[in-house]
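So the structure is just underneath, and the comments pick up after that.
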Amino acid sequence: MIEFILKSETIELCRLLKAVNVVASGAQGKEVVSEGWVEVDGQIETRKRCQIRAGQTVSFDGETIHVSLAD
């Protein structure tokens, strides 16, 4: 599991994937989201600019990313 600490209230899904290095580029992040390969809280998410908040879990390509807020 990958822990990602938010520095703001939200992060766009495609940017999160790039930030934790599960995709090589922002363009690849947008592509895998639009193709339906990414799950947010167990549901397939196809909105590239979906806002991810603390407490949510993102899954892609065998990786699970847990998002939390900085203390």
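Keep in mind that what you see is a predicted model, and the values were worked out from it rather than measured.
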Rounded to the nearest 0.5 Å, the CD atom of Gln56 sits from the SG atom of Cys50 at a distance of 6.5 Å
State, to 0.1 Å, how close Cys14 and Gly29 come at their nearest heavy-atom pair, and which atoms those are.
CB-C, 4.0 Å
Quick one: which of Ile5, Val40, Leu16, Ile2 gives a side-chain contact (heavy atoms from CB on, under 4.5 Å) with Val67?
Leu16
Within residues 13-25 or reaching into it, pairs that qualify as salt bridge (Lys or Arg N to Asp or Glu O under 4.0 Å) - sequence neighbours excluded:
Glu12-Arg15
Hey, is CD on Glu9 packed in by over 12 heavy atoms from elsewhere, all under 6.0 Å?
no
To the nearest 0.5 Å, how far apart are CG in Leu17 and CD in Gln28?
9.0 Å
Worked verdict on Arg47 versus Leu13 for side chain to side chain contact (heavy atoms under 4.5 Å, CB included):
CA-CA 8 Å; Arg47 296 175 296 155; Leu13 178 55; over 6 Å; no
Do other residues, nucleotides or ligands put more than 12 heavy atoms under 6.0 Å from Gln43 CD?
no
Note, Asp61 side chain near Val22 side chain (heavy atom, < 4.5 Å):
no
How long is the gap from OG on Ser34 to NZ on Lys48, to the nearest 0.5 Å?
5.0 Å
Could you tell me if the side chain of Arg49 sits less than 4.5 Å from the side chain of Lys30, heavy atoms only?
yes
Any non-hydrogen side-chain atom of Ile65 less than 4.5 Å from a side-chain atom of Thr57?
no
Less than 4.5 Å apart, any side-chain heavy atom of Ser68 and any of His66?
yes
If you define the side chain from C-beta out and look only at heavy atoms, does anything of Ile44 sit under 4.5 Å from Trp37?
no
Give a yes or no answer on whether the side chain of Glu31 reaches the backbone of Ala27 with a donor-acceptor pair at less than 3.5 Å.
no
Shortest non-hydrogen contact from Arg53 toward Leu6
C-CD1, 3.8 Å
When Val58 is tested against each of Ile52, Val33, Thr64 for side-chain contact (heavy atoms from CB on, under 4.5 Å), which residue passes?
Ile52
Is a side-chain donor-acceptor pair under 3.5 Å present for Ser59 with Glu39?
no
